[in-house]
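Step one of this worksheet: look at the structure below.
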Amino acid sequence: MAIAGRARTATGAGAVTAGLLVLLFGNPAFTEWVARHTEGDSVWGWFLRTLGWPAWTVRSTTPVRDLLAEDLRAVLLVVFVALVLGFSSRAVVGAGVLLGWASLIFGSALAAFVAAFPASHSSWLGAFEAAGDGSRYGLFVGWLVGIAVAGAKARVAAA
């Protein structure tokens with residue numbers, strides 16, 4: 001029973017953190033601000049652009065298929081992170097930071113790969129490149145999800 005409780009808590013913490021990252025840093029206001037106020041050749045600008053990678057929007061001048069693919073990518077990222085954590089957090093007793101971090105790497109890469117196909121001009125090569133971009137996002141932002149998962153696992157273990 002304690003293992004199932006630990007899994008649900010870690011999964012929830014990771015999914016909520018991933019959802020907050022998508023909502024806070026993938027929204028149109030943040031991504032437009034980053035595009036206007038940062039340079040792509042600086043470390044800080046590069047990190048902010050990576051942080052805004054799961055960009056989503058509700059209205060745009062882009063084709064509907066591309067808009068759907070971007071929004072689907074943001075939603076699938078949270079869903080896949082929750083699935084990875086749900087399946088693996090029962091098996092992993094410690095190492096919450098690594099578990100959460102890896103869940104965002106795998107979840108974002110898979111979300112980008114799947115969401116690349118509804119986009120206009122989709123191809124296998126484009127899907128593989130999108131998965132690479134997703135894994136880069138997970139690699140450099142996933143430690144935030146890892147901290148949340150580790151905190152949830154520690155709270156359950158202490159209880």
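Side chains are part of it too, since the values below use all heavy atoms of this structure and drop only hydrogens, waters and symmetry mates.
The residue from T11, L85, L83 that alone fulfils the side chain to side chain contact (heavy atoms under 4.5 Å, CB included) condition with S103 is L85. With V145 as the partner, the side chain to side chain contact (heavy atoms under 4.5 Å, CB included) test is satisfied by one option alone out of L20, T17, V16, V97: T17.
A search for side chain to side chain donor-acceptor pair (under 3.5 Å) contacts involving T38 returns R49, not counting sequence neighbours.
Side chain of D133 to backbone of A112: no donor-acceptor contact under 3.5 angstrom is found. With R73 contributing its side chain and W53 its backbone, the two residues share a donor-acceptor pair below 3.5 Å. A donor-acceptor pair under 3.5 Å links the side-chain atoms of W101 to the main chain of L139, judged by distance alone.
Closest heavy-atom contact between G138 and S108: N-OG, 3.7 Å. Residue G100 comes nearest to V149 through the heavy atom pair CA-CG2, 3.9 Å, listed as atom of the first residue, atom of the second, then distance. In this structure, A148 and A13 approach most closely via the heavy-atom pair O-CB, 3.7 Å. The heavy-atom pair separating L77 from A18 by the smallest distance is CD2-CB, 4.2 Å.
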For residues 21-37, please give each side-chain donor-acceptor pair under 3.5 Å, one per line with the distance, not counting sequence neighbours.
{"residue": "N27", "atom": "OD1", "partner": "A29", "partner atom": "N", "Å": "3.0"}
{"residue": "N27", "atom": "OD1", "partner": "F30", "partner atom": "N", "Å": "2.7"}
{"residue": "N27", "atom": "ND2", "partner": "L23", "partner atom": "O", "Å": "3.0"}
{"residue": "N27", "atom": "ND2", "partner": "L24", "partner atom": "O", "Å": "2.8"}
{"residue": "T31", "atom": "OG1", "partner": "N27", "partner atom": "O", "Å": "3.2"}
{"residue": "T31", "atom": "OG1", "partner": "P28", "partner atom": "O", "Å": "3.2"}
{"residue": "W33", "atom": "NE1", "partner": "H37", "partner atom": "ND1", "Å": "3.2"}
{"residue": "H37", "atom": "ND1", "partner": "W33", "partner atom": "O", "Å": "3.1"}

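Atoms OG and CG, from S88 and L98 in turn, are 11.5 Å apart once rounded to the nearest 0.5 Å. Here T57 contributes atom OG1 and E70 contributes atom CD; the two are 7.5 Å apart, rounded to the nearest 0.5 Å. Remark: I105 CD1 to S135 OG distance equals 7.5 Å, nearest 0.5 Å.
Cluster membership for L72 and V64, using ILVMFWY side-chain heavy atoms within less than 4.5 angstrom, is not shared. A single hydrophobic cluster is not seen to contain both L68 and L76; linkage of ILVMFWY side chains at heavy-atom distances under 4.5 Å, directly or through other members, places them apart.
Ring centers of F140 and W46: under 6.0 Å apart, within the cut-off. Close placement of the F117 and W124 rings is indicated, their centers lying within 6.0 Å of each other. When ring centroids are compared, F113 and F128 come within the 6.0 Å threshold.
For the pair L144 and V141, the minimum side-chain heavy-atom distance is below 4.5 Å.
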